[in-house]
Amino acid sequence: MKILVATEKPFAPVAIKLLRDVTDAEGHQLALLEKYKDMVELLSAVADADALIVRSDLVTAQLLDAAKKLRIVVRAGAGYDNLDLEACTRHNVVAMNTPGQNSNAVAELAFEMMLYQARGGFEGKSGSELRGKNIGLHAFGNVGKYMADIAKGFGMHVYAFDPFVKEDDMKKAGVSACSDTGELYSKCQYVSLHMPANEKTKKSVGYELLSKMPEDAVLVNTARKEIVDEEGLLKIFEERPDFSYLSDVEPDSKNVFEEKYQDRFIFTVKKMGAQTEEANINAGIAAARQIVDYFKTGNEKYRLNK
Ligand code: 3PG
């Protein structure tokens, strides 16, 4: 079988080597398309692929039309808002993700941004410490759990809100459960977002919630920029000079932040959360193994389009 790895943002070379070991061992052929510049390149590369591994790359109906032999696509990562699942089903393509494989990297990036911001960008001024501060995890999935572990190491008080996780499971993880988002945002100087982008969550974090946050509020977004209602965020920024926003990828209104609110934000230019060798190896190998196993045994454990 031909397995195509199509990543606009490439995996680390060591991850590709290890991923290739997995596919070679089963006699499959691995093809690579990295840093492609437009859809045309991708459409031609998928034409004869039986399986596809992507990251945040868009898997659209147009791509599936072009991928005549495709049987399975695996998103090497957690969030699958880039996959058109209905189109996958219509084209008889199994869609999977690799949950949990890059979560630690994302959690570490959240703390890297928090520490850099707390120390004023290491430019000589007195900063602040994380110890003793409250952090609120908006959703408590794989990344949320790593966040809680790291936060406890820093001596922070950890709160979480997640309607899909039992209070008991949060307790076992040393996290105080909040009964709603209002409670979470009112209690926590730091709030970190960890929910997927979908019709329910898009623009769900806006003025009303953000205005509840205590003094020196810091909103950390390593999830998806679409979750935050930027209009509401900009309104808070205008009203509260003590408010900061740390985001893994630039918001649409980046120019306004740059013009008016220097020193109150950190935006990565490219999505960096999962961009470590370890995360690339974990997610890349998991994707390759899931494909190999699907062809061999029909295992659909991580199937998303049921
Ligand atoms: C994910 O959903 O797994 C992360 O956002 C990582 O995305 P990436 O693979 O595009 O870096």
Side-chain angles (χ1 to χ4, degrees), residues 3-16 18-19 32-37 39 42 51-60 63 73-85 88 95-113 137-147 150 162 164 192-202 205 219-228 246-251 266-291 302-305:
I3 302 172
L4 173 70
V5 178
T7 50
E8 186 276 320
K9 183 176 60 189
F11 285 126
V14 60
I16 294 294
L18 294 169
L19 196 155
L32 258 188
L33 175 69
E34 294 180 322
K35 294 188 192 168
Y36 56 90
K37 296 272 177 275
M39 255 331 236
L42 181 56
L52 176 64
I53 295 176
V54 293
R55 296 184 64 179
S56 290
D57 310 81
L58 295 182
V59 175
T60 59
L63 179 144
V73 55
V74 180
R75 192 284 191 240
Y80 50 87
D81 44 311
N82 54 318
L83 309 183
D84 183 338
L85 291 185
C88 287
M96 297 185 185
N97 65 346
T98 65
Q101 299 292 342
N102 56 20
S103 309
N104 179 63
V106 177
E108 285 192 14
L109 182 80
F111 275 87
E112 282 151 10
M113 293 196 294
L137 307 174
H138 192 160
F140 194 63
N142 290 310
V143 181
K145 286 177 188 130
Y146 281 109
M147 289 292 296
I150 301 172
D162 192 324
F164 304 104
S192 191
L193 307 178
H194 300 294
M195 63 280 221
N198 56 38
E199 286 324 304
K200 279 212 170 120
T201 60
K202 279 182 190 166
V205 176
L219 179 69
V220 186
N221 185 1
T222 53
R224 292 289 183 271
K225 68 174 178 181
E226 292 83 358
I227 291 172
V228 173
L246 317 179
S247 177
D248 186 16
V249 302
E250 304 164 337
I266 299 174
F267 302 145
T268 57
V269 208
K270 246 184 199 245
K271 196 156 174 48
M272 289 299 295
Q275 205 53 334
T276 64
E277 283 189 353
E278 293 88 339
N280 291 171
I281 290 170
N282 292 343
I285 289 185
R289 285 201 179 126
Q290 285 170 215
I291 288 171
Y302 294 102
R303 185 170 183 158
L304 299 163
N305 57 337

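The structure displayed is predicted, hence computed values, not measured ones. Read the numbers this way: they start at 1 and go in the same order the structure lists the ligands and their atoms.
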Quiz item: Heavy atoms, side chains only, cut-off 4.5 Å: are R303 and N305 in contact?
Solution: yes
Practice problem: May I ask you to decide whether E8 forms a salt bridge with K270, counting only side-chain N to carboxylate O separations under 4.0 Å? | Solution: yes
Self-check item: For I3, the option from I53, L19, L32 that meets side-chain contact (heavy atoms from CB on, under 4.5 Å)
Solution: I53
Self-check item: side-chain hydrogen bond (donor to acceptor under 3.5 Å, both in side chains) between D248 and T268, worked out
Solution: CA-CA 5 Å; D248 186 16; T268 57; 2.6 Å; yes
Self-check item: E278 versus N282, side-chain donor and acceptor atoms under 3.5 Å
Solution: no
So what's ligand 1 close to, N/O to N/O, under 3.5 Å?
from	atom 1	to	atom 2	distance (Å)
ligand 1	2 (O)	R75	NH2	3.2
ligand 1	2 (O)	G79	N	2.8
ligand 1	2 (O)	R224	NH2	2.9
ligand 1	3 (O)	A78	N	2.7
ligand 1	3 (O)	N102	ND2	2.9
ligand 1	5 (O)	R224	NH1	2.9
ligand 1	5 (O)	R224	NH2	3.4
ligand 1	7 (O)	R75	NH2	3.1
ligand 1	9 (O)	R55	NE	3.0
ligand 1	9 (O)	R55	NH2	3.4
ligand 1	9 (O)	R75	NH1	3.1
ligand 1	10 (O)	K9	NZ	3.3
ligand 1	10 (O)	S56	N	3.4
ligand 1	10 (O)	S56	OG	2.5
ligand 1	11 (O)	K9	NZ	2.7
ligand 1	11 (O)	R55	NH2	3.0

Quiz item: Considering residues at least two apart in sequence or located in another chain, which fulfil the ring pair (Phe, Tyr, Trp, His ring centres under 6.0 Å) criterion with F111?
Solution: F154
